[in-house]
Undergrad: 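I'd like to ask you about the structure that follows.
Numbering of residues begins at 1 and proceeds along the displayed sequence.
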Amino acid sequence: MKIAFFSTKPYDRKFFDLANKEYGHEITYYEGKLRRETLKLAEGYDCACVFVNDQVDASVLIALAAQGTRLVALRCAGFNNVDIVSAKELGINVVRVPAYSPYAVAEHTVGLMLALNRKVYWAHSRVREGNFSLDGLLGFDMRGRTAGIIGTGKIGECVIRILNGFGCKVIAYDKFKNPACEELGVEYVELDELFAQSDIVSLHCPLFKETHHLINNDSIAKMKKGVMIINTSRGALIDSKAAIEGLKSEKIGYLGIDVYEEEGRIFFEDKTFEILTDDVFARLTTFPNVVITGHQAYFTQEAVAAIAKTTLENISAYENGDELVNAVKVD
Ligand code: NAD
């Protein structure tokens, strides 16, 4: 198949070129994102391959369909950036990579918890400057703390397994209980109870209309003073302005995010010499108790290799008329 690859980096090319030796697709890599202005680059291509911040809304899909594209292949799990209803109406199939390495994201999640708790980022810069003082670096034992996991799918379950190892008490909220988590001793509670009881709140549910700004002024008000909030799922699960207010009032004691609601304009690029115009993001970077990573939770060798393999497999399945096991379906 002829594939127009958007938002690609050298590391994507390395893993996809290697995996494509088995599949033999004709790939053209583009650095830029798919959006209205770059649509023409997909003209004559059967498939547009996109990532988390490509804009695949109705207008883009209409133009893609008119240009002959029949398949949108997401090389990620989340599909909140694709208008799947419009795609269906236009006869465009959408496939994704529902699972590649939940361990990668779960391990990064716990990495953020530990970095914040033990202030590893502060300690590292202090030691480099010859400052070996421990003032301000006091942490807490994870053992015995209550972690509230929102979304107990593949990643949530992995996070729970790690936190169980630490001796945390884990409670959870999900619309559907995961029996494996129940077997691990997790207690499912209502959201308000999770907010009230948790020392750490970690988000692992998808971004839907109903989960947009799940963490907002109201939910923050229900949390313990000094709570740690971790988001490695999707940026818009958190109302960033509410988080800033929570940090200013010290209701939020720690914030660790790998995703940000306006990340599409910032992440994955070197902006060292550019003026940051997003004041909300800029404010977040000023807090001593906030750690931000740029959507790298998935970024392990194993995960990127698995993403490449499944994406190309999905595309081959479409080409061969096989069942699209990883199709994104409209409910
Ligand atoms: P999954 O589908 O296995 O699990 C998601 C869980 O969320 C399910 O159990 C589902 O029932 C639950 N859920 C749905 N609606 C909910 C609601 N309103 N409230 C609470 N729970 C709800 O998905 P996963 O593989 O565990 O991934 C979770 C999310 O992680 C993805 O949606 C994606 O946005 C994000 N993600 C981020 C990265 C990264 O690099 N930062 C990488 C992969 C995935």
Undergrad: Is the side chain of E262 donor-acceptor paired with the backbone N or O of V280 at a distance under 3.5 Å, no angle test?
TA: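 Checked: no pair found.
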Undergrad: Can you tell me how the ring of H295 sits relative to the ring of Y298, calling it parallel under 30°, perpendicular over 60° and tilted otherwise?
TA: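 The arrangement is perpendicular - the two ring planes meet at more than 60°.
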Undergrad: Checking T286 against R283: is there a side-chain donor and acceptor pair closer than 3.5 Å?
TA: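 Yes.
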Undergrad: Should V60 and R36 be marked as a side-chain contact (heavy atoms from CB on, under 4.5 Å) after you check the CA-CA gap, both sets of side-chain angles, and the distance that decides it?
TA: CA-CA 6 Å; V60 168; R36 264 159 254 163; 4.2 Å; yes
Undergrad: Quick one: do M1 and C49 satisfy side-chain contact (heavy atoms from CB on, under 4.5 Å)? Show the steps, please.
TA: CA-CA 11 Å; M1 288 253 291; C49 183; over 6 Å; no
Undergrad: Please confirm whether the backbone N or O of S316 pairs with a side-chain atom of N320, one donor and one acceptor, at under 3.5 Å?
TA: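 Looks like yes, one N/O pair under 3.5 Å.
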Undergrad: Would you say K119's side chain and L138's backbone share a donor-acceptor pair under 3.5 angstrom?
TA: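 Judged by distance alone, yes, a pair lies under 3.5 Å.
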Undergrad: Using the side-chain contact (heavy atoms from CB on, under 4.5 Å) rule, pick out the option among V201, N117, N289, L255 that qualifies with M228.
TA: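 Of the listed options, the one satisfying the test is N117.
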Undergrad: Is a side-chain donor or acceptor of N20 paired with a backbone partner of H25 at a separation under 3.5 angstrom?
TA: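 Yes, N20 side chain to H25 backbone: donor-acceptor pair under 3.5 Å.
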Undergrad: So that I know where these two stand, are Y11 and F299 an aromatic pair - ring centroids less than 6.0 Å apart?
TA: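 Centroid distance Y11-F299: below 6.0 Å, so yes.
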Undergrad: Within a reach of under 6.0 Å around CD of E323, are more than 12 heavy atoms found that belong to other residues, nucleotides or ligands?
TA: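 Atom CD in E323 is not packed in, count stays at 12 or less.
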Undergrad: Say you draw a straight line from CZ of F16 to CD1 of I3; how long is it, rounded to the nearest 0.5 Å?
TA: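 Answer rounded to 0.5 Å: 8.5 Å.
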Undergrad: In terms of relative ring orientation, are F268 and F51 parallel, tilted or perpendicular, with 30° and 60° separating the classes?
TA: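 Taking F51 first and then F268, their aromatic rings sit tilted (interplane angle of 30° to 60°).
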Undergrad: Using modelled atom types and a 3.5 Å cut-off, is there a donor and acceptor pairing between side-chain atoms of D141 and backbone atoms of R143?
TA: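 No.
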Undergrad: Could you tell me whether K9 and E269 make a salt bridge, using a distance below 4.0 angstrom between a side-chain N and a carboxylate O?
TA: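 Salt bridge between K9 and E269, a charged N being under 4.0 Å from a carboxylate O: yes.
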Undergrad: Centre of Y318's six-membered ring, under 6.0 Å away, within 45 degrees of the axis: is that where NZ or CZ of R70 sits?
TA: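 Geometry flag: not set, cation outside 6.0 Å or 45°.
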Undergrad: Just by distance, no angles: are the side chains of N216 and S219 close enough, under 3.5 Å, to form a donor-acceptor pair?
TA: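 Side chains of N216 and S219: pair found under 3.5 Å.
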Undergrad: Classify the side-chain pair D278/Y260 by whether it contains a donor and acceptor separated by less than 3.5 Å.
TA: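 Y260 and D278 do have a side-chain donor-acceptor pair below 3.5 Å.
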Undergrad: Answer whether the closest heavy-atom distance between the side chains of V186 and K177 falls below 4.5 Å.
TA: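 Result no, sub-4.5 Å side-chain heavy-atom pair not found.
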Undergrad: Going by heavy atoms in the side chains, are R75 and S7 under 4.5 Å from each other?
TA: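 Sidechains of S7 and R75: in contact.
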Undergrad: Yes or no on side chain to side chain donor-acceptor pair (under 3.5 Å) for H108 and T232, after CA distance, side-chain angles and deciding distance?
TA: CA-CA 8 Å; H108 190 79; T232 58; over 6 Å; no
Undergrad: Check whether any side-chain N or O of S198 sits under 3.5 Å from a backbone N or O of F195 as a donor-acceptor pair, and report yes or no.
TA: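 Here the side-chain-to-backbone pair does not exist.
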Undergrad: Is the side chain of K251 donor-acceptor paired with the backbone N or O of M223 at a distance under 3.5 Å, no angle test?
TA: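 Flag set: sc K251 to bb M223 pair under 3.5 Å.
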Undergrad: Any idea how Y30 and Y45 line up, ring-wise: parallel (<30°), tilted (30 to 60°), or perpendicular (>60°)?
TA: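 The arrangement is perpendicular - the two ring planes meet at more than 60°.
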Undergrad: Which atom pair, heavy atoms only, marks the closest approach of Y100 to A77?
TA: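 Heavy atoms only, the tightest pair is CE2-N, 4.1 Å.
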Undergrad: Do side-chain atoms of R145 reach the backbone of I200 as a donor and acceptor pair under 3.5 angstrom?
TA: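 The answer is no, because no donor-acceptor pair under 3.5 Å joins these two groups.
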Undergrad: Could you walk me through whether V328 and V82 pass the side-chain contact (heavy atoms from CB on, under 4.5 Å) test, one step at a time?
TA: CA-CA 10 Å; V328 179; V82 181; over 6 Å; no
Undergrad: Work out which heavy atom in G246 is nearest to a heavy atom in I220; give both atom names and the distance.
TA: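 In terms of heavy atoms, the two residues are closest at CA-CG2, 4.4 Å.
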Undergrad: With a 4.5 Å limit on heavy-atom distance, are the side chains of L276 and K271 in contact?
TA: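 When only atoms from C-beta onward are counted, K271 and L276 do not touch, as no gap falls below 4.5 Å.
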Undergrad: Looking at CG of D199 and OH of Y254, how far apart are the two atoms once the value is rounded to the nearest 0.5 Å?
TA: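 Between atom CG of D199 and atom OH of Y254 there are 9.5 Å.
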Undergrad: Heavy atoms only: give me the nearest L163-A147 pair and the separation to one decimal.
TA: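 Looking at all heavy atoms of both residues, the closest pair is CD1-CB, 3.6 Å.
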Undergrad: Establish, from distance only, whether the side-chain atoms of N217 and E245 form a donor-acceptor pair under 3.5 Å.
TA: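 No, E245 and N217 have no side-chain donor paired with an acceptor closer than 3.5 Å.
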Undergrad: Hey, any chance L74 and V97 share a hydrophobic cluster, counting ILVMFWY side chains that come within less than 4.5 Å of each other, even indirectly?
TA: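 The answer is no; the residues belong to distinct hydrophobic clusters.
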Undergrad: Taking the side chain as C-beta and beyond, is there a heavy-atom pair between I215 and L237 under 4.5 Å?
TA: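 Side-chain contact under 4.5 Å: no.
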Undergrad: Are side-chain heavy atoms of D46 and I315 found at a separation under 4.5 Å?
TA: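 Not in contact.
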Undergrad: Assess whether side-chain contact (heavy atoms from CB on, under 4.5 Å) is satisfied between I230 and V159, documenting all intermediate values.
TA: CA-CA 12 Å; I230 304 288; V159 171; over 6 Å; no
Undergrad: Looking at CD1 of I229 and CG of L112, how far apart are the two atoms once the value is rounded to the nearest 0.5 Å?
TA: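 The CG atom of L112 is 13.5 Å from CD1 of I229, to the nearest 0.5 Å.
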Undergrad: Nearest 0.5 Å please: distance from the NE2 atom of H212 over to the CD atom of E261.
TA: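 Output value for this atom pair is 6.0 Å.
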Undergrad: As an exercise, state the distance from CZ of F5 to CG of L34, rounded to the nearest 0.5 Å.
TA: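 Reported to 0.5 Å precision, the distance equals 13.0 Å.
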Undergrad: Has R96 got a side-chain atom pairing as donor or acceptor with C76's backbone, closer than 3.5 angstrom?
TA: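 Judged by distance alone, no pair lies under 3.5 Å.
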Undergrad: Restricting to non-hydrogen atoms, name the atom on T311 and the atom on A73 that form the minimum distance, rounded to 0.1 Å.
TA: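 Smallest heavy-atom distance, with atoms named: CG2-CB, 4.3 Å.
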Undergrad: Evaluate the side-chain proximity of V52 to R234: yes if any heavy-atom separation is below 4.5 Å, no if none is.
TA: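 Answer yes - side chains close enough.
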Undergrad: Are any non-hydrogen side-chain atoms of T38 and K33 less than 4.5 angstrom apart?
TA: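 No; the side chains remain at least 4.5 Å from each other.
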Undergrad: Do L61 and E89 come within less than 4.5 Å of each other through their side chains, counting heavy atoms only?
TA: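 No, side chains not in contact.
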Undergrad: For A4 versus L41, what's the shortest heavy-atom pair and its separation?
TA: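 That closest heavy-atom pairing would be CB-O, 4.2 Å.
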Undergrad: Where the side chain of Y188 meets the backbone of N178, is there a donor-acceptor pair that is under 3.5 Å apart?
TA: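 Yes; judged by distance alone, with no hydrogens or angles, the pair exists.
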Undergrad: What distance do D57 atom CG and R35 atom CZ have between them, rounded to the nearest 0.5 Å?
TA: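 Between D57 CG and R35 CZ, I get 12.0 Å after rounding to 0.5 Å.
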Undergrad: L324 and V85: same hydrophobic cluster, using ILVMFWY side-chain contacts below 4.5 Å?
TA: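 No, no single cluster joins them.
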Undergrad: Under the criterion side-chain contact (heavy atoms from CB on, under 4.5 Å), which of T109, I160, T152, I150 is the partner of H204?
TA: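 Of the listed options, the one satisfying the test is T109.
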